[in-house]
K.L.:
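To start, I am sharing the structure in question, which I have written as structure tokens.
Side chains are part of it too, since the values below use all heavy atoms of this structure and drop only hydrogens, waters and symmetry mates. Sequence lines set the chain letters: A, B, ... in the order given, protein chains first and strands last, and positions in each chain run from 1.
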Amino acid sequence: MTGEIESRERAWQARWKEVGLGKARAQPGHPKFSLVFAYPGTSGFMHVGHMRGYTFADMIARFHRMKGEEVFFPAGIHASGLPAVIFAGKVARRDPDTIEGLKHWGARDEDLPGLEDPATASRFLARTYWKVWERFGLILDESANVSTIDSDYQQFIRWQFLRLERLGRLVQKPYFAAFCPRSGPVSVDPSETDLERGGNAEIVAYTALPFRLPDGRFLLCATLRPETVYGATNVWVPTEGSLFEWSHDGRTYLVSETGREKLLEQVGGERGADVAVDALITQEVEAPLTGEKMRLLKSPLVDPHVGSGAVMSVPAHAPADWVAVQELEEPTRSLLASHAKVLLTLPEESLAPSERELFRGDGPPAAQAVRSLGVKGLSDTERLQEATERVYRAEHAHGVMTVLGHEGESVQRARERVAEAALARVGAVEIREFSEPVVCRCGETVIIRKVPDQWFLAYGNGGWKDQVRAHLRGMSVYPAEYRDELPRILDWFEDRPAVRRGKWLGTPFPKDPRWIIEPIADSTFYPAYYVVRRFVSAGKLKVEELTPEFFDYVFRGEGDGGGHVGSDLLEEVRREFLYFYPLDLNLGGKEHKRVHFPPFLYNHVALLPPELCPRGIFVNWWITRDQAKVSKKDIKGGALPTVDRALSDLGADGLRLYYAIASTSSQDIEWDLPSAERYAERAQEALRSVRPLLEGLSSWTLPSLELSTHVDRWFSSALAGATRRAREAFEENDLRSAAEVVYVEIPGLIRRYRAKGGKEATLLRGAGSLWVRLLSPITPHLAEEAASSSGLGLVATAPFPGPDVLPIFPEAMAREAMVDLLEDDVQSLLKAWKSPVAELRVFVASGWKTEAERALLDAFRGGTAHDLGSVMKVLRTHETLKSHLPDLPAWLKLYDLRELAVASSKRGPPLAPAEEQALWNESVPYLRERFGLATVSVLKEEDAASADPKGRRLRARPGRPALFLVEPATKGLLPGPR
RNA sequence: GCUGGCGUAGCAAAGUUUGGCCAAAUGCGACGGACUCAAGAUCCGUUCUCGCAGGAGUUCCCAGGUUCAAAUCCUGGCGCCAGCACCA
């Protein structure tokens, strides 16, 4: 069966292509819908996880196409950056998985050497992506297909950056970058593409405080907690070796050798002589800011490779210092311990219970933590580290300073102020350091180097940011969580490096071609370029004609286009751009929330007027496996099925339905083959159910129908309602709700219609006509398949059913709801009733109850009634109810008055008893069938006394009849009317 | 660290913004039944506990609180997950 599905799907894909479904035409005046998905980087082969977002885009595109809009749905390839370089590297070393993948996609042995070239590998991968998209039924505009390493795209990027620079959106300032002394710039990230280890390292900035030696030189102590200088009791120096002179800004400092190298890279300055530690040890130093004198002491605590090679000792707040002091010999130990000065308080109420546990007993915080955790000594590194981290964190989060000059200040604030003061006034310097060792692939230790003239995109610029905020207010962002989050992301969005010097694919920076434009920066404004690319693909525009002047005119309407392109063509390109822009929707995975979408918005608002800026963003979550992100780089031996495998097992439609319905788009789906199979099966069921309904149809226009029976009227109304809800869900890009209506609710309605005896063929054909079109956006192949034997033509181009496709009969809906209610009542009776049932008697409420209920509702609506007493008072005055006064209290007990007070306004008037009786009579066959009852009788309350030995009939309310079940063996009790 | 998300019956997942018709939709699974030579599909029933009259009890991570009324609001706690840090 599966092979058959696959070949049919391919046939329909070919058909769509044949009729040019994807090719968008600019038709000024005609509504259009432009959308893109964040184009993929070329890092490896696609698997079913990636396809979720792409098929969502296609579903949305198909919906809009069926609504009659001109849909522009292009796609491209983001080849920039490192991924293709890495992939080519895998080819070069003949990585088995990579080679297997390549062979699978048709590479031959003789192609492999060529694929060692990143650009070639990237183009190869790009072709596989397009094939996969096609196999999932995406209808893309191929004429806009572009890769970011194509020369025309690079012309576009050059223009974009020149333009941004002229608009003042690029700024130059110093930057600290990871740098391998042998291999050059590297990127520090967990994928460790450049690295041997240390991918999770972050750059932390130490403040190195100068402690003055008697001879005027300074000992540099690097710290992350400069505010604790007020509690320093001594300075630790290495147990052996030397310190080294480093001169900068007129001062001479002593630091470790590696510390000096860092400072030379990051700050500048000059080397000087070296000094043995032993030659210094007898001297006292003067602490910065406080002026306190203190001793130098040797300690194994000092790692010359970290920081500056000396550290200040703050025993009150640093567990390691506290322990180190305890291990000193007397009398130094007691002396220093007694000087350990507590600098801050930790307000009890702000601490978490676990923190309160940590800080108890006597002594300064560090001593408390050391005791609580049972730190044995300096060699007990594990516990010591935990103590350090927890003290550090608690004090940072909750600490309030008590030191003179900083009283009442938060530790966070004090830290900033002290650091600033130290840098400005006493010659402190900043040292940047990785939080863990970072080692390059080449084996060299990666360092941090200052880049003095790095180019940034000035995303932190307040004015630019405000422009983005202002535009964002008018945009549609899905899901709502992201809409709310985006402004907060903008709050902290900062300037972003725009170029880099490294070995990766991308466009040279036009201001200085030694730099290559950073991959995220070259993928922000690209949806605009798709329009131009169509002309390049068609051979109408040449690469060299794509000058800055040309783009200025096409995108911004500025200047005359530079004269290289004929004015007719120039105008045509401009017209197409103005037709297809603004972009209506940009779709991307959740990983783009903070990386791609904000720059995408920034660059648009910088380059285009507001009316041409994007209108929508859609974020989708992932297909995951074992709670780990599954992405191209993670795929290892069948973590997820390959695309081919999944397609042949489930079919494209099966997968598409699974993507849409298994979870909301804003939630990850953990890949689960059995449930994917079930949805695939459900898709096939839909095909089997809808196909017979379409026989003989040759037009999408529904015939006008004479619907006289309730069941027909109800079915018509219910279908119309479902259609409306499906359409609204698609409108809101709520694919899961749409899928639920289309694949669960509608087949349920059809089944129920038949169970109720519905058989109006024209109406059923109408249902089929609606349903097959509703099926098309999510499962397009099977929709075509279903319609193929009718005379309807392609479903993909059929009009999407509007809100008024079928007549709605409110009273039929209301009646159906009443029957539902009765059905529920009967069911709950039968549930509690264990013996066999011969007959169900339905007692319709007397006419006076109808009157009474009307009066009751009026009273509540009018506010004259609110409790039992007032209700009685009101009802007593009614002429018609006079004769039933004694019955009123029992009747009122049937109602929940409190609820009526809330809901009275929503309730319609009750049905007249005769009408109600007719309705129940009509439902008799259904109820008999439904509950397997031999007899169902409908009786009026007032003349059923003899048929109601237990007095159940008194429970009857308008619209809610009383019920009585009769046992078969009950003899003598049945002199009833029937 | 910064920024988000999540915790609902066997599983998945609505409901939470706007408290009440919520024992809590829907789907799946499971069990029982009808149909069938049989399977699938379909249909019916059950799926927190109790109940031979339409009901009662105990539930929506935990503990408090607000309220006539809490899955929903507030406070605190526990647990899980994700994104980001020049990575596309």
Side-chain angles (χ1 to χ4, degrees), chain A residues 38-43 78-84 175 177-178 185 187-191 193-194 199-204 352-354 393 396 435 454 456 480-482 484-485 488-489 491-492 494 496-500 502 518-521 523 588-596 621-622 624 627-629 631-633 661-664 666-670 672 674-675 678-679 681-682 685 688-689 736-737 740 743-745 748 751 754-755 824-835 896 898-903 906-907 929-932 950 952 955 960 962-965 967:
Chain A
Y39 49 13
T42 45
S43 58
H78 191 209
S80 316
L82 287 170
Y175 179 68
S187 76
V188 176
D189 74 275
S191 65
T193 47
D194 285 359
N200 283 311
E202 27 185 315
I203 295 180
V204 288
S354 63
R393 185 169 310 168
H396 177 74
S435 55
Q454 169 75 41
F456 286 77
E481 293 89 331
Y482 184 52
D484 298 338
E485 188 185 353
R488 291 196 291 270
I489 294 172
D491 285 343
W492 54 258
E494 275 304 316
R496 198 187 162 88
V499 297
R500 199 178 115 157
E518 196 270 328
I520 289 164
S523 58
K590 64 176 177 178
E591 71 278 22
H592 293 114
K593 287 200 293 180
R594 286 124 194 283
V595 180
H596 167 63
W621 269 240
W622 296 329
T624 64
Q627 285 156 8
K629 177 188 172 187
S631 70
K632 281 162 272 182
K633 65 188 168 216
I661 206 172
S663 178
T664 47
S666 58
Q667 207 136 26
D668 290 337
I669 304 177
E670 206 166 308
D672 176 45
S675 68
R678 282 195 293 274
Y679 288 115
E681 179 50 39
R682 181 170 287 257
E685 273 167 37
R688 283 193 292 272
S689 312
R736 183 173 203 247
S737 299
E740 275 180 349
Y743 297 86
V744 179
E745 198 175 319
R751 281 201 298 271
R754 290 194 159 123
D824 285 350
D825 280 347
V826 174
Q827 190 168 343
S828 60
L829 276 192
L830 289 171
K831 192 171 164 186
W833 179 267
K834 302 212 165 135
S835 3
D896 178 348
R898 197 180 277 159
E899 184 226 310
L900 270 187
V902 177
K906 290 185 237 161
R907 275 220 192 159
E929 172 75 25
R930 168 82 170 74
F931 294 109
K950 296 218 171 151
R952 303 283 182 215
R955 292 182 62 94
R960 192 91 191 263
L963 304 171
F964 179 57
L965 298 176
E967 284 182 56

K.L.:
Distance check needed: B:C28 P versus A:Tyr679 OH, whole Å only.
P.N.:
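Result: 8 Å.
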
K.L.:
Is there a side-chain contact between A:Ile661 and A:Glu740 (heavy atoms, below 4.5 Å)?
P.N.:
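Result yes, sub-4.5 Å side-chain heavy-atom pair found.
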
K.L.:
Side chain of A:Arg682 only, please: which of B:A88, B:C28, B:U26 is the nearest?
P.N.:
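For A:Arg682, the side-chain atoms sit closest to B:C28.
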
K.L.:
Measure CD/A:Glu740 against C1'/B:A14 and give the value in whole Å, please.
P.N.:
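Nearest whole value for this atom pair: 8 Å.
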
K.L.:
Could you tell me how far apart A:His592 (NE2) and B:A82 (C1') are, to the nearest whole angstrom?
P.N.:
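These atoms are roughly 15 Å apart.
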
K.L.:
Which of these nucleotides, B:A88, B:U26, B:G54, is closest to any side-chain atom of A:Val744?
P.N.:
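The closest nucleotide is B:U26.
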
K.L.:
Return the value, rounded to whole Å, for the distance between atom CG of A:Asp825 and atom C1' of B:A53.
P.N.:
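Answer to the nearest Å: 11 Å.
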
K.L.:
Between B:C84, B:U42, B:U3, which nucleotide gets closest to the side-chain atoms of A:Glu485?
P.N.:
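Out of B:C84, B:U42, B:U3, the nucleotide with an atom closest to A:Glu485's side chain is B:U3.
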
K.L.:
I want to verify a distance call: between B:A88, B:G54, B:A82, whose nearest atom is closest to the A:Lys590 side chain?
P.N.:
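Looking only at heavy atoms from C-beta outward on A:Lys590, the closest nucleotide is B:A82.
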
K.L.:
Just jot down the ring-ring contact (aromatic ring centres under 6.0 Å, His included) partners of A:Tyr39, sequence neighbours excluded, or say none.
P.N.:
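So A:Tyr39 forms a ring-ring contact (aromatic ring centres under 6.0 Å, His included) with A:His78, A:Tyr526.
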
K.L.:
Is A:Arg952 close enough to B:G54 that one of its side-chain N or O atoms is under 4.0 Å from OP1 or OP2 there?
P.N.:
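A:Arg952 to B:G54 OP1/OP2: no side-chain N or O under 4.0 Å.
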
K.L.:
Between atom CD1 in A:Ile520 and atom C1' in B:G83, what is the gap in whole Å?
P.N.:
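In whole Å, B:G83 C1' lies 13 Å from A:Ile520 CD1.
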
K.L.:
Side chain of A:Arg594 only, please: which of B:A82, B:U3, B:A88 is the nearest?
P.N.:
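Closest nucleotide to the A:Arg594 side chain: B:U3.
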
K.L.:
For the pair made of CZ in A:Arg736 and C1' in B:U26, what is the distance, rounded to whole Å?
P.N.:
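So the two atoms are 8 Å apart, to the nearest Å.
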
K.L.:
Please name all residues satisfying side-chain hydrogen bond (donor to acceptor under 3.5 Å, both in side chains) with A:Glu485, sequence neighbours left out, ordered by chain then number.
P.N.:
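In terms of side-chain hydrogen bond (donor to acceptor under 3.5 Å, both in side chains), with neighbours along the sequence ignored, A:Glu485 is linked to A:Lys593, A:Arg594.
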
K.L.:
Grab the CD-C1' distance between A:Glu681 and B:G29 for me, whole Å please.
P.N.:
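It works out to 16 Å between those atoms.
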
